[in-house]
Q: 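Take this structure, written in C-alpha cells, and hold onto it; I'll ask about it next.
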There are 2 protein chains.
Amino acid sequence: MYVRCAACPLRVRPAFVQKSDEEVALIEAWKSDHLRLPAGAEFIRPEQTDAELFTLFSGWAFRYKELIDGRRQILNFALPGDLIGLQSSMFGKSLYGAVALTDIELCLLPRRKLGNLFERYPELGYEVTWLGARSESLVDENLLSAGRRGAAERIAALVAGLYKRAETLGLVEDGALELPLTQQHIADALGLSLVHTNKTLARLRAQKLFSISEGRLVVHNLRGVSRFAQHFEDDLAPRPMI
Amino acid sequence: MYVRCAACPLRVRPAFVQKSDEEVALIEAWKSDHLRLPAGAEFIRPEQTDAELFTLFSGWAFRYKELIDGRRQILNFALPGDLIGLQSSMFGKSLYGAVALTDIELCLLPRRKLGNLFERYPELGYEVTWLGARSESLVDENLLSAGRRGAAERIAALVAGLYKRAETLGLVEDGALELPLTQQHIADALGLSLVHTNKTLARLRAQKLFSISEGRLVVHNLRGVSRFAQHFEDDLAPRPMI
DNA sequence: CGCACTATTGATGTATTTCAAGCCAAGTGG
DNA sequence: CCACTTGGCTTGAAATACATCAATAGTGCG
C-alpha cells in the first residue's frame, strides 16, 4: 500500500502548486516510508530527540504542548498536505507532541536528509521554509483567538479557519465536512474548559450560523461566521506540497 | 553609520554560531541597508504587500495582530539577532504588523533575493528556515500561556522566557535587564486587560520572585519563577544569525 | 452486563474585565 | 514660570465571562 509520489492523488489537487515530473521524482527520492497510524497515535512526543519530518497524506492530526500538571494546549490542526515536525527536525528535540485525530497516513521525510536536501535541491528547501512559515501563521491566528477573542468568537474563528482550509482541499460538500474533533479537542485548542465549550456550542447552534454534531460541521453562513469571529484570512493557496 | 557584517559586534557573541569570513561575506552581500528607526515605528504593516525581511540588530521589537474592533494581540517579542518578516516575505502579504519597542537598528535583507539565496547559498537557506522554526516555537509557547496559564503564571512565564533569552545575549547584569515594555504591552502579549495585569504584577512583586519597575526587570529567583510558571524551556543557542 | 468515552445541564465559585477615578512625571505652549 | 496635556501606573467597586463541581444520559465495545 505504498503510495508513490508520482501517483500521489493529493498533490494534484488545485490547492497545491503543480510540480514537474522531475520535482516529484526528487520528493519521491526523499520520501523513505509511507506510514499508517490509528487514531490517537502519537507520532511525535514532547522531548523526543529523534523525531522525524512528515507530510500528512490523509486524515487529521494536531500539535500540542502541555504543562506538567496536565493542562494541554492544542497549537494547531493539520490537514492533508501539511508538513509536521519541522521544528523538531531542526532543533534535535521536540518542544511539542503530535497526535493523529483520525486514522492517518504519513509520508516520512527523513530529517537526516534535510540538510542535504537544501544543498542539492534549493527549490525544495525554499518550499520547506514556506511551509514552516505557513505553520507559524496558523499558530499566530490561534494565539490571536486565545488571547483576544471571547469564547463564542473563538469557536467561530476555529470553524471559519477549518472550513476555509477544508474547502481549499476539496473536503467540503454541500457546506459540510467531516470534523473529527471532540468537544474536548475544541476546548484544548481554544483555551476553554470542556463545560464552557459545550454550553457555548449550544448557544451558537441556536444562532444557526453553523452547527457541529455527530462528527460533522455544517456551515450555513460562512460570511456570518467570519464576520462574527472577525476572521478574514483566506487559506493560503496554491501552496507547495512535499 | 552603516554596520558591516564583517565588523558586526552582535554576531560574535556566544549566543550565535560563529561563521567563517566567507559566510559573513555572503550575508554582507545580501544585506542592502542598515536602518535606524525610533521607538514606536511600525516597520511591517498588516496587509503590506512589499514587506521586507529584517534582522533586528539592536533594540527590541514585537509582532502583533489585531481585530478590526481594535483588540490587539502581541505575538512575540524580538531581541537582537532575531529575524523578522519571513512570513511576510514569502506570502507576498503580511498577516501581522511589526513595531519597534525601543529605538532600533535593522539589517535589511531584500526579500527579492531570498529565492536566489536558497539557490546560491543553501547553507544560508537552511539557517533562514531554522530561524523561522525558532520563531514559531516562541509563538507556540505564548499560545500555551494564553490558553492554559492563569494571569500570574502568564506573567511569570513571560519573565522567565525573556530573561533566559536576554541572558543568552549577554544583556543580563546582576540578575537585571532593561525591559522596555509598558504594562499595556505585557497585557497585550498575554491576553489580559491592563488593569488585571497591573494588579497581578503588584501581587507578584510582593512575592519577591522578581519585580518589574522603571523599565527594568530584576529576577531574584529564576528557578522559582520558572517553577511557578512551569516554564522549563531553555533558550535555543547557539543559533544562526543572518 | 459493565466500562469507557462523549455530550449535556444546573448550580456555584472565581478569575478576569470593565468602569471610574486619581496620581505622578515629563513635555509643551503661553 | 505656569497652566495644561499626555502617557503610564495604581486602586476600588461592580459586572461578567469562564471554570469547577456534580450529576445524568447515550453510545459503542469487550
Side-chain angles (χ1 to χ4, degrees), chain A residues 38-41 60 67 69-74 99-103 145-158 178-206 210-218 228-229, chain B residues 38-40 60 62 67 69-74 99-102 145-158 178-206 211-218 228-229:
Chain A
W60 289 45
L67 300 174
D69 65 9
R71 284 175 281 177
R72 180 174 78 163
Q73 177 67 37
I74 291 179
V99 174
L101 270 167
T102 62
D103 293 350
S145 272
R148 288 294 173 222
R149 284 195 253 244
E153 293 170 320
R154 284 185 217 186
I155 294 176
L158 177 68
E178 300 300 314
L179 190 78
L181 308 179
T182 66
Q183 293 183 354
Q184 185 68 64
H185 290 122
I186 297 173
D188 285 350
L190 300 179
L192 297 170
S193 72
L194 173 59
V195 172
H196 196 59
T197 300
N198 177 287
K199 290 175 179 174
T200 307
L201 271 171
R203 253 172 279 143
L204 283 167
R205 212 173 287 131
F210 65 89
S211 77
I212 296 174
S213 66
E214 294 159 25
R216 286 181 68 75
L217 164 63
V218 185
F228 176 70
Chain B
W60 289 44
F62 64 87
L67 300 175
D69 65 10
R71 284 175 280 178
R72 180 175 79 163
Q73 178 66 38
I74 290 179
V99 174
L101 270 167
T102 62
S145 272
R148 288 296 174 221
R149 283 194 252 245
E153 293 171 320
R154 285 185 217 186
I155 293 176
L158 178 68
E178 299 300 314
L179 190 79
L181 308 179
T182 65
Q183 294 184 353
Q184 185 67 65
H185 290 122
I186 297 173
D188 285 350
L190 300 179
L192 297 170
S193 71
L194 173 60
V195 172
H196 195 58
T197 299
N198 176 285
K199 291 175 179 171
T200 307
L201 271 171
R203 254 172 278 142
L204 283 167
R205 211 173 288 132
S211 76
I212 297 175
S213 65
E214 293 161 23
R216 286 181 69 75
L217 164 64
V218 185
F228 175 70

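Heavy atoms only: backbone and side chains are in, while hydrogens, waters and symmetry mates are out. Sequence lines set the chain letters: A, B, ... in the order given, protein chains first and strands last, and positions in each chain run from 1.
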Q: Please round to the nearest 0.5 Å and tell me the distance separating atom OG1 of T182(B) and atom CD1 of I212(B).
A: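 Between T182(B) OG1 and I212(B) CD1, I get 11.0 Å after rounding to 0.5 Å.
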Q: Counting only N and O atoms by type, is there a donor-acceptor contact under 3.5 Å from the side chain of R205(A) to the main-chain atoms of S211(A)?
A: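 Checking the backbone N and O of S211(A) against the side chain of R205(A), no donor-acceptor pair under 3.5 Å is found.
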Q: Would you kindly give the CZ-to-P distance between R203(B) and dC9(D), to the nearest whole Å?
A: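 That distance rounds to 17 Å.
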Q: Say whether, by atom type as modelled, one donor and one acceptor occur between the side chain of R71(B) and the main chain of R148(A) under 3.5 angstrom.
A: yes
Q: Could you tell me whether a side-chain N or O of R154(B) sits under 3.5 Å from a main-chain N or O of L190(B), the two making a donor and an acceptor?
A: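 A pair under 3.5 Å: yes.
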Q: Could you check how far CZ of R148(B) sits from C1' of dC18(D), rounded to whole Å?
A: 12 Å
Q: Can you check the I186(B) CD1 to dG8(D) P distance for me, whole Å?
A: 12 Å
Q: Whole angstrom is fine here: how far is it from CD in E153(A) over to P in dT17(C)?
A: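 From E153(A) CD to dT17(C) P: 14 Å.
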Q: How long is the line joining CG of L101(B) and C1' of dG8(D), in whole Å?
A: 15 Å
Q: Can you check the H196(A) NE2 to dA17(D) C1' distance for me, whole Å?
A: 6 Å
Q: E214(B) CD to dT10(D) C1': how many Å, rounded?
A: 15 Å
Q: If I take atom CG in residue L190(A) and atom P in nucleotide dA17(D), what distance separates them, rounded to the nearest angstrom?
A: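 After rounding, the reported distance stands at 17 Å.
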Q: Enumerate all atom pairs, one protein N or O and one N or O from nucleotides 6-10 of chain C, separated by less than 3.5 Å.
A:
unit_1, atom_1, unit_2, atom_2, d
dA7(C), OP2, Q183(A), N, 2.9
dT8(C), OP2, Q183(A), NE2, 2.6
dT8(C), OP2, N198(A), ND2, 3.1
dG10(C), N7, K199(A), NZ, 3.0

Q: What nucleic acid atoms does G191(B) come within less than 4.0 Å of, heavy atoms only: base, sugar-phosphate, or nothing?
A: sugar-phosphate
Q: To the closest 0.5 Å, what do you measure between NE2 (H196(B)) and CG (L201(B))?
A: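 Going from NE2 on H196(B) over to CG on L201(B), the span is 10.5 Å.
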Q: Do any N or O atoms from the side chain of D188(B) and from the backbone of Q73(B) form a donor-acceptor pair under 3.5 angstrom?
A: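 Answer holds: no.
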